[in-house]
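Step one of this worksheet: look at the structure below.
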Amino acid sequence: MTPAAAVLTPRADDFPRWYQDVVAKAQLAENGPVRGTMVIRPYGYAIWELLQAELDRRIKALGAHNAYFPLFIPESYLRREAEHVEGFSPELAVVTHGGGKELEEPVVVRPTSETIVNASFARWIQSHRDLPMLINQWANVVRWELRPRLFLRTTEFLWQEGHTAHATDAEAHELARRVLEEVYLDTMRSVMAIPVLTGRKTDGERFAGATTTWTCEGMMGDGKALQMATSHELGQNFARPFDITFSDETGASAFVWQTSWGASTRLVGGLIMAHGDDRGLRLPPRLAPVQVVVLVARADPAVLAEARRLASSLGAAGLRTQVDDRTDVSFGRRVVDWEIKGAPVRLEIGPRDLAEGQAVLVRRDAEGKEPVSLDAAVGTVTRMLDDIHASLLAAADRRRRHDTHEVDTIADAVEASAGGFAVLPALAVDGGGERDLNAAGVSVRCLQRRDGSLPERGDPVTELVAVVARAY
RNA sequence: CGGGGAGUAGCGCAGUGGUAGCGCACCUGCUUUGGGAGCAGGAGGUCGCGGGUUCAAGUCCCGUCUCCCCGACCA
């Protein structure tokens, strides 16, 4: 019996309970006093900051600039786009009083910022020389949730939202897809080690106000899907009501074509559920606040000195390193702590190791330990971190393939969705098929080409497949 | 909105009218420390709130508030 079994509910017993246990025991987050709100604890926030930095770098590489727009939005702004307000009104938080008086016009707490950003775009954009305009903001948003779950669905969450304006439909289309692949898909694979599917949402699943929604869908440890990021083509749906026009090269006035796209703290939940095991979190090295923990086995001055020297050279090599010298806490307790927290690599060092000029190297994603000489430790650990990323990704990919089943009918798709994804001809979910799926608790996650690539606009539905699953 | 549960120590819970408890966590000391250590001592409570019955209420009655689950609504 592994000690961790006494700490966490095994995943097979009760996956949601396991998830809650990990979030609590790894000290990632806890519930806030208002239902649906979340306190993100320092360790959880450190993961988010690392992820944020990766996304931010890629967003800026697209040519986008960060800005900040207000939390409060005039209610009238939301009403300007019919589908948009209809989609969001059930989950709006509305402020009716301020300064001790009832407001003449209520303000809503942003559920997303299309409207208020576009009110600025209308002023900022005059000429085709102002285009394309690529703006991103990091912010909190509020969507009143009835069934909240930490990180996955909270009433208030943190995210980035990109908003762009272009001279042509084709340009907006291309940008929405570049964001999906160059920002989101790439971050998920090469930072989060999660092999997501990409595709187009059905009309029923599309963002309120968008003409097309593109999505990244990940498979969690229980076979359910998680929508991990979306990128929308807005057409001219907002340009018209907000009057965002520009003079083109010929001097003619035209409405801009737009996109918007976002990824949130939900990704942290996805990270937990995609890689975690019965011993806790397993963090991909690029998102691990502590990549290497140097664990002092016994309270011994010589051991402690060596541990610190080792940590210092690991740190100098650019690895996020922490010495655990809490020798007033038992060794076993500290090992379990770091396993729950998902630190990718442990280096254990005690008097016996010191005598041999070595440390004991343990990787979180595999069984077994091996000695490593102190001289070689930095190089070995550095290589091992890359290898851990690769094997987490490979394992997740293997599981996704294994739990994805090709089927032909809605009934078979529902059955297959009990333990993973089902792929069936897109024609089958056209019209009534999607309703039947939804009635069974299964949803269309995305539409793809048969080879898994993104559909093009001209693709006939007969050439596409639908990926369906139960989802968070 | 309908139905069903639950509010007792930081967390999880027991307590069927008679001194408010247990596990974990916390504090102190000693012994420990290579996979959640042991022993001893200690601190911590308006039992959700208000009223009532009773010699006596965490427990029974009435009211009220909050939270959770299922359904409905919504998507």
Side-chain angles (χ1 to χ4, degrees), chain A residues 1-9 14 16-17 20-27 29-37 39 41 83-92 111-112 143-150 153 155 201-210 213 227 230 278-280 293-304 306-307 324-341 343 346-356 358-364 367-372 434-435 437-445 470-472:
Chain A
M1 185 61 67
T2 61
V7 183
L8 303 173
T9 305
D14 185 344
R17 183 70 183 271
Q20 287 186 327
D21 285 353
V22 171
V23 170
K25 300 288 170 109
Q27 300 182 350
E30 58 194 30
N31 286 310
V34 172
R35 179 177 162 74
T37 60
V39 175
R41 303 185 65 174
E83 202 178 313
H84 191 62
V85 67
E86 190 185 333
F88 280 107
S89 52
E91 43 192 5
L92 289 182
T112 179
R143 297 176 185 178
W144 215 261
E145 288 293 348
L146 297 178
R147 297 193 194 289
R149 300 190 63 186
L150 289 171
R153 183 178 292 112
T155 285
K201 287 292 189 186
T202 61
D203 288 349
E205 300 280 340
R206 189 163 35 78
F207 173 73
T213 290
Q227 175 178 300
T230 47
D278 283 348
R279 291 189 292 177
V293 56
V294 179
L295 204 58
V296 176
R298 281 171 174 272
D300 176 286
V303 170
L304 191 55
E306 186 54 44
D324 185 345
D325 58 358
R326 300 172 296 161
T327 47
D328 54 335
V329 177
S330 76
F331 180 78
R333 159 67 66 128
R334 289 180 288 142
V335 166
V336 170
D337 275 354
W338 287 109
E339 284 182 340
I340 292 173
K341 288 195 162 193
R346 278 200 321 273
L347 276 169
E348 304 174 353
I349 184 164
R352 296 206 294 270
D353 300 308
L354 200 57
E356 305 277 337
Q358 65 177 37
V360 175
L361 181 60
V362 191
R363 52 189 285 175
R364 177 63 179 84
E367 297 298 321
K369 308 180 173 192
E370 57 177 280
V372 60
E434 186 169 5
R435 272 201 306 277
L437 271 178
N438 291 351
V442 178
S443 55
V444 178
R445 305 318 303 159
R470 292 177 302 136
Y472 281 97

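Numbers restart at 1 for each chain; the letters A, B, ... are given by sequence-line order, proteins then strands.
In terms of heavy atoms, A:L347 sits closest to A:A359 at CD2-CB, 4.0 Å. Contact detail for A:S443 and A:A471: the closest heavy-atom pair is OG-CB, 4.0 Å. The shortest non-hydrogen separation linking A:A297 to A:G350 is CB-CA, 3.9 Å. In terms of heavy-atom proximity, A:T213 sits nearest to A:F207 at OG1-N, 3.0 Å.
Remark: B:C67 base-pairs with B:G5. Criterion, Watson-Crick or G-U wobble with two distances under 3.5 Å. In this structure B:U59 sits in no base pair that meets the Watson-Crick or G-U test at under 3.5 Å. Base pairing of B:A37: its partner is B:U31, meeting the Watson-Crick or G-U wobble criterion (both donor-acceptor distances under 3.5 Å). When both pairing distances are held under 3.5 Å, B:A20 makes no Watson-Crick or G-U pair with any nucleotide shown. As the counterpart of B:U53, no nucleotide is assigned, since no Watson-Crick or G-U wobble pattern has both distances under 3.5 Å. When both pairing distances are held under 3.5 Å, B:A43 makes no Watson-Crick or G-U pair with any nucleotide shown.
One atom, CG of A:D328, and another, P of B:U33, lie 14 Å apart when rounded to the nearest Å. At whole-Å resolution of the value, CZ in A:R334 and P in B:G34 are 9 Å apart. The distance between atom CD of A:E91 and atom P of B:C73, rounded to the nearest whole Å, is 18 Å. If you measure from atom CZ of A:R326 to atom C1' of B:U32, you get 17 Å, rounded to the nearest angstrom. Rounded to whole Å, the distance from NZ on A:K25 to P on B:G12 is 12 Å. Look at CG on A:L295: it is 9 Å from C1' on B:G34, rounded to the nearest Å. When rounded to the nearest whole Å, the span between CZ of A:R363 and P of B:G35 equals 21 Å. At whole-Å resolution of the value, CG in A:L437 and C1' in B:A75 are 15 Å apart.
Heavy-atom nearest nucleotides on RNA chain B were determined for A:R147 and for A:G204, and the one closer to the 5' end corresponds to A:R147. Two residues, A:K369 and A:P148, neighbour RNA chain B, and the one matched to the more 5' nucleotide by heavy-atom proximity is A:K369.
Without hydrogens or angle criteria, A:D21 side chain to A:T9 main chain gives a donor-acceptor distance under 3.5 Å. When atom types are taken as modelled, the side chain of A:R334 and the backbone of A:V329 share a donor-acceptor pair closer than 3.5 angstrom.
Taking atom C1' on both B:G42 and B:C61, the two are 40 Å apart, rounded to the nearest angstrom. A gap of 29 Å separates the C1' atoms of B:G44 and B:G5, to the nearest Å. As rounded to the nearest Å, B:C60 and B:G15 have C1' atoms that lie 16 Å from one another. Separating the P atom of B:G50 from that of B:C1 is a span of 26 Å, rounded to the nearest Å. One P atom belongs to B:U28, the other to B:G18, and the distance between them is 38 Å to the nearest Å. Distance check on atom P: B:G10 versus B:G17 gives 27 Å, rounded to whole Å. Distance check on atom C1': B:G52 versus B:G45 gives 24 Å, rounded to whole Å. Atom P of B:U46 sits at a distance of 13 Å from the matching atom of B:C11, rounded to the whole Å.
When heavy atoms are screened at a 4.0 angstrom cut-off, A:D353 is found touching base atoms of the nucleic acid. A:R352 comes within 4.0 angstrom of a nucleotide base, judged by non-hydrogen atoms across all strands. Base contact: A:D337 has a heavy atom under 4.0 Å from a base atom.
At B:A75, none of the side-chain N or O atoms of A:R143 fall inside 4.0 Å of OP1 or OP2 (strictly under the cut-off). Within the structure, every side-chain polar atom (N or O) of A:S330 is placed at least 4.0 Å from both OP1 and OP2 of B:U33. Side-chain nitrogen and oxygen atoms of A:R346 include none within less than 4.0 Å of the OP1 or OP2 phosphate oxygen of B:G34.
Note on A:R279 versus A:E367: salt bridge recorded, some NZ/NE/NH1/NH2 to OD/OE distance being below 4.0 Å.
For A:T327, taking side-chain heavy atoms from C-beta onward, the closest of the listed nucleotides B:C74, B:U33, B:G35 is B:U33. Checking B:A75, B:G34, B:U33 against the side-chain heavy atoms of A:E86 singles out B:A75 as nearest.
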